[in-house]
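Working notes, structure below.
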Amino acid sequence: MGGFLSETFLAALLFGAITAAIPLLLAGLGEQMSEKAGVLNIGIEGMMIAGAYAGFLGAYYSGSFWLGFATGAAAGILVAALMALLCVRLGLNQIVIGIALTLGLEGLTALLHHFQFSRSYPRLPAAQVTPIPLLAEIPVFGPALFRHHLIVYLAVAAVFAMIWVYRRTQLGLNLQAAGDKPAALDVAGIDVVRTRTAAVLFTGGMAGLGGAYLANVGAGLFIPFITNGAGFLGIVLAMLARGRPLWVLAGALIFGGCLSLTTAAQVAGINVPTDVIQMVPFLAVMAMLVLFGRRASLPAALGIPYERGAR
Amino acid sequence: MPGMQTTTKPPEMRQAIVTLDGVTKRFPGIIANDRVDLVIRAGEVHVLLGENGAGKSTLIGMLSGLQQPDEGRILIDGKAMPIRSPSHALSLGIGTVFQHNMLVPSLTVAENLALGGKWWQKPRLGELAARVDEIARPLGININLDAVVSDLSLGEQQQVEIVRALLRNSRLLILDEATSMLTPQGIAELGALMRRLVERGLAVVFITHKLGEAAEFGDRVSVLKLGRKVGEIGPDRLRSLEHDELVDEIVSKMFGRNAGDGAISIPDRPANDEALLAVRDLRVLPGKDTSGLEAISFMVGRGEILGVAGIDGNGQKQLAEALAGQRRTDGGSVTLAGRSLDGLDVGKRRELGLRYLTDDRLGEGTVGTFPVSINYFLKQIGEPPFWRSGIEHSREINTHARDLTRQFDVRTPSLSTPVGRLSGGNIQKVLIARELAEGARAVIFNKPTYGLDLANTQATRQRIRDVAGQGLAVLLISTDLEELLSMCHRIAVMSQGRLVGTIANGAGAGERVGRLMIGLAA
Amino acid sequence: KSIAILTPEEGTDFGWNQQGVDAAKAAAEAAGIEAIVASGLGYGDVRPAMREIAADGASLIIAHASGYATSAPEIAAETNVPVAIVDSPQALKEGLVADYTLSGHQGAYLAGRLAAKMSKSKHVGIVVSGEPPSWNSQSAGFAEGVKAENPDVKITYAVIGPAAYSDAAGGRRVTESVIAAGADIIFGQGNGSSFGMLQAVETTKTADGGKVLFIDVIGDKTSVAKDFLLSSVVWDITPVYSAMIQDLKDDTFGTKRYAIGLADDSVKLLKTDQIPDDVWSEIQKIREQIIAGDIKVEPTFEASAVRTLMTDVSADAK
Amino acid sequence: MSGDATSASATPLDASGGGGSARDIGRRLLITLGPIVVSLVLAGCVLLVLGINPLAYYGYVVDRGLLSPLGLQQTLTRMAPLLFLAAGLIVAFRAGMWNLGGDGQFLLGAVTAAASAPLLVQVLPGWLTLVAAFVIATVVAMIWSLIPALLRAYQGVNEIITTLMMSFLGVSLANVLVKLVFLDPATTVPQTRTLPVEDRLPRLFETTVTSGLLFGLVTIIAVHLMMTRTAFGLKLRVVGANPRAAVHAGLNVPLLTVTVFALSAGLIGMGGAVDIVGIQGNVRADWNPAYGLAVIPVVFLARMNGFAAIGFVFLLSVLSIGGESAARRLGVPQNFTMVLVSIVLITLAVAEYLDHRFNQARRA
Ligand SMILES: Nc1ncnc2c1ncn2[C@@H]1O[C@H](COP(=O)(O)OP(=O)(O)OP(=O)(O)O)[C@@H](O)[C@H]1O
Ligand SMILES: Nc1ncnc2c1ncn2[C@@H]1O[C@H](COP(=O)(O)OP(=O)(O)OP(=O)(O)O)[C@@H](O)[C@H]1O
Ligand SMILES: [Mg+2]
Ligand SMILES: [Mg+2]
């Protein structure tokens, strides 16, 4: 019999792991930049759900996934702009605003969905995949890893782009300074508020993209509360990674992999209560925290609004 | 760059780069600058003097775009020009070394120097190295561009900041207490550099609490007092005065009295010579970016002041923290009045009479957002009479706090002002008041007068002498050799985590300490 | 006189909540009384809403979620307004508390027979987003039906993931895995996440490129998933509510339980264009047999029992 | 180090003790009520877009949440668990520990209280059962907080992430416990045994308000006084405001850190217990009211002041009880309440900022 351990099944599991990991990766990379610049962006869940909703709208009405990603990112950026205005420019408490935005957008998207789609539940066609020549032919790994929507490769490429930005560019220095010692950045002639605003907007864009991916590619539709805490997981991954994009990728893949493992265990017919199995992904992250979380030196000014000349 | 001839013009004709016109800055409860007029001219080192909290740094804050004046104007090259932001200040050619460290600790020196470039550019670290070399070499500054800033000592960090300000090709260079961490050698080099810069037509604003430096390097001296400018001494008069006369004149402007009580006076020691604080073979493992301690042994007698000299970053802080119980030791023993302190925590050691005045007032000495009153008693939380059965007695706290504020002359708008808003010198006084509370037997002072103005420095030194006079043991850590020579009975020298020698104070001691510090035999 | 229905989610889910709301409205209309709908109340504390509705004069409160089965009788005792609850047959109280534990296991059994007949790969999947009793009994009924029809058909059972009721992406991911494992018919139960399952069914092909079909429960999703919907175990709760209203009038409320079943078509299998006529008529025959009692289908409500059953049936297949 | 992170913008929390003149109170009232009016207008615009009459909506909210006796009783009842939660968060936040794991701690407390109370009540007198349930819930929640506490105290692992993760895990574990361990064998519904209504916390007078409200009020005021008036509270605040200063002052920072977590989680666990033995009677599988998400911002807005927190919790309860009713009557989906709460939170935060700015301008 095919079933467990068949090539297709293993490939599907791996494929599923990647699909589950991508929204976390995007959100984590985005959050990482905010945190690097000193803004604890708790509102990322709200940005994701806004991205999911707007992304679905865009893709559904235009018929183009790319337009969907664009509208998703734009919605995330819009929410982030509000956050930047309130928390970076005015210096309001980041946790209050973050949670408020999350609550508000979860509620708002659920409302909009109710009035717009709750009688029709429209769905998108399958996302078009771009197989990578040659690699896509490898058994199991080919279809699992190298037959995805182009955005997946872009997300992975973004990891390396981020590494480059952080290590090699002036922008990387500015971001780090904004998070570690904003006053030093300010007196060096760089506007801290602008730097942090840019970082928060980037976070919004990435989170919105992650939400759009989740809705359009991951689910193929939007339903209320579809993000289900993915944004909070993004925060955990970003903090765990402490500024290193590659670790966000690793963390997202481990989480996605564990999700697939829970499916595999069930399909294999292992008779363990499902609720227990389903704690595995969280246990995995917790284990990573215990093992690698030591002396997690977060940016010194994380969460503290910058006010010029204040003491 | 303006021509060389500027220096040859008569002083009052020299071109004014920056003019302050009736500038006023208020903070809640205080007028930090009160209608200050100041002209900063090309080709001059303009020394700004004033006691702690006189408003010097506030003035600098406005010149560098960190603060906006509440009233008055700032003119650049004669034109009114509000300085909107630090980047605006930089573009106007105003470069500043701030009183408080403005480096990003997690970046390397090179990255810190590169900070401020356009965001889309790549930091040109290679190009930087050449320019830094060009600037730093004549200054005798040797910095490792690849070192991470948090690994550097405060003195080294200050050097980096000076280099950074020079890299900018400013027309006006501001140094706010930039010499506080430099060695005497480094200070001399900086003085020479300032001279060369003003000869090229730049202007320098130099803030210091050391009047000797002011007299030596300054072309013009302005004195601030309580936010007002109370006097200015022009170049002609400056040149015509003898050093001591000049100091007297400045002091009388600053404090309204004469100097002269800053003389060397080493307190008498009580007759008995019993060792109160004994340290034997103390070891601390080196950390990732801190030096360790190797087999430190010394004794401090009753009524004795033992100085610890050495260039900053040679293990003085580790020594102080190990003694206070804040840092893990790797062996050795400490006894106080015959009682072993080994294995005791900070609180126990304090109860037994060991006090430690930290040099990091903001980082660990105080809780910046808490009121001044509570900060006096931070080390006595839960103790009577301030707390009874764990309940706070605000009346007791406020009464005592008021006494201490008066006794130690802490300038604060009120007892409930968050201590972080006080000027650095006044925060220091809060710390001193706290450590000298009753029950002390041995006190470790780590750079007790760092950042204090002359009057406060003298008052603090006198307090330390008084402490010793009461029969306490004093360990005085300082990078200021003159301070040590003026107070200590003996001076130990630290280098790279070891005590490399101990010298009895007296004639020629300064020279011998200096030789030990740079690695020669005494 | 009016009846009120309280549901945890909005009545637009093509499932449990919608069937409840629609049935309450239909039953009220038939009896010529008003229906008060309080939907989307969530799974938290609904006592405030019940007290308010009771104070507003409702003569029957239908607490349409097993999560309300503790609070509703308490409120009934407090306010003397009769309540109807689910999944708590032991809680009857004359004049005050009635139970209408609903189980579609008979319908699910039929669905299982249907799936086993229709599966080309001889492999069917059950995907659920959680394991509440009413779904468990249908999962079990379905599995029994499959085995009764053809013991060689393999069954794969998968629960989606943490807090998965709204995890549409998870529903799709898990369903795709189950399809990849070989299943070509998916019996899916899940609120929002069932739309993710549908999406997987629509966009994934079986190993040999064939079409995958979906069997839904409780509601009728024909309007949103026409081409891939094989069938649905549709519930019609209207007779139950009508009976309750009648019992209230007769003063017999709270003396009996209400149930749904194949006999009165309150549980029935949805006929779609995907079901060939001959298969349909065979299914109808089986339906008769169940009604006649020739085939007995016992409900299984515990999750662990369902999982054991699944392990057994899939072990049989090897 | 998350040290001083977000300790409320630029204004020092601890600068002023307590008290306040009449004008001060008036101003506070203004900066609380003003933004609420503004947010009502904003949310009203959303309603208008949805084709709902905002005045009707608010009429129901106020009537149901505040004015009608029955509604007010519900509002007060809803406050009980929230007050414990707020008290727990105040301890943690004042001590600079960002305990964002409230939901897990709350649920585990609730589940163990629900598991133990119905059994204990068969052998113990009623009051003792309730006490025991409280103690059990408190201890369990404390134990659950031990991992983040120890990791933070001895390994320096940032507690925001550990508590968030432990919260995810705690919610799952609570669920597993309900389904597998504490299952009521008498029902098919996965839920714990039910504590009979007559054995629950007594209700106040002739109303439906649980006496848990009183315990909540007493607790949060006690916590407030502890944090602001005692040596122990001051020690915690020193750790929160400047951990290095705490070390320097000789405080046992790791021990205090663990204590803070234990206290905070314990109080939150008690909140779980009060919700169960006071209101719910049992815990069902998959039950998670997620109070934490709403209470966390409220505690910040109250600037970790217990009295202010009481006010804000009351406001939150009015909005949730009133909003629920209004939404039902007008056919708006319940999710609108979330939007309303969100807008209120944001405008309150903005108002506080404006007030701060205004004060600065006036004092300078
Ligand atoms: N927010 C405030 N609250 C209370 N006092 C303030 C505040 N801001 C400034 N001051 C006062 O303003 C005065 C000027 O401070 P400034 O930092 O300019 O002094 P300074 O001359 O640089 O002192 P130092 O020599 O100690 O560096 C101080 O005495 C200080 O007490
Ligand atoms: N943004 C601000 N808010 C409040 N007060 C301020 C601010 N900036 C400066 N001050 C006040 O200005 C005064 C000067 O502070 P600063 O530390 O710069 O003084 P200083 O001259 O360096 O003092 P010291 O020599 O004692 O270190 C302080 O007393 C401080 O209270
Ligand atoms: Mg100064
Ligand atoms: Mg100073």
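The chains referred to below are lettered A, B, ... by the order of the sequence lines, with proteins before strands, and numbering in each begins at 1.
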Original post:
How many angstroms lie between atom CD1 of A:Ile235 and atom CD1 of D:Ile161, to the nearest 0.5 angstrom?
Top reply: 10.5 Å
Subject >> Top contributor to chain D interface from A:Leu233, A:Leu86, A:Ile99 [non-hydrogen pairs under 4.5 Å] >> reply: A:Ile99
Original post:
Is there a side-chain contact between D:Ile160 and A:Leu298, using heavy atoms and a 4.5 Å cut-off?
Top reply: no
Subject >> Interface residue of largest heavy-atom contact number with chain A, from D:Asn175, D:Leu173, D:Val344, under 4.5 Å >> reply: D:Leu173
Subject >> CD1 on D:Ile296 to CD1 on A:Ile42, rounded to 0.5 Å >> reply: 8.0 Å
**OP:** Measure distances from A:Phe225 to the heavy atoms of chain D and classify the residue's part below 4.5 Å as side chain, backbone, both or neither.
**Re:** side chain
Original post:
Minimum heavy-atom separation for D:Ala349 to A:Leu92, with atom names?
Top reply: O-CD2, 3.7 Å
**OP:** Could you tell me which portion of D:Val49 (side chain, backbone, both or neither) has an atom closer than 4.5 angstrom to a non-hydrogen atom of chain A?
**Re:** neither
Original post:
Given a strict heavy-atom distance threshold of 4.5 Å, which part of D:Leu151 is in contact with chain A: side chain, backbone, both, or neither?
Top reply: side chain
Subject >> Interatomic spacing from CZ in D:Phe93 to CD1 in A:Ile95 - rounded to 0.5 Å >> reply: 6.0 Å
Subject >> Whether over 12 other heavy atoms sit under 6.0 Å from A:Arg89 CZ >> reply: no
Original post:
What are the two closest non-hydrogen atoms of A:Leu90 and D:Tyr353, and how far apart are they?
Top reply: O-CE1, 3.0 Å
**OP:** Using heavy atoms and a sub-4.5 Å threshold, report which of residues 100-110 of chain A line up against chain D, by residue number.
**Re:** A:Ala100, A:Leu101, A:Leu103, A:Gly104, A:Glu106, A:Gly107, A:Leu108, A:Ala110
Original post:
Can you find a pair of side-chain heavy atoms, one from A:Phe232 and one from D:Leu293, that are under 4.5 Å apart?
Top reply: yes
Under 3.5 Å, which donor-acceptor pairs do the side chains of residues 331-341 of chain D form with other protein atoms, sequence neighbours left out?
{"unit_1": "D:Gln334", "atom_1": "NE2", "unit_2": "D:Glu324", "atom_2": "O", "d": "3.2"}
{"unit_1": "D:Thr337", "atom_1": "OG1", "unit_2": "D:Gln334", "atom_2": "O", "d": "3.1"}

Subject >> Which residues share a salt bridge (Lys or Arg N to Asp or Glu O under 4.0 Å) with A:Asp186, sequence neighbours left out >> reply: A:Arg308
Original post:
Given the rule in the side-chain contact (heavy atoms from CB on, under 4.5 Å) test, do A:Val96 and D:Leu348 qualify, once you have shown the distances and angles that lead to the verdict?
Top reply: CA-CA 10 Å; A:Val96 173; D:Leu348 280 171; over 6 Å; no
Check: residues 281-293 of chain A side-chain donor-acceptor pairs under 3.5 Å, at least two apart:
none

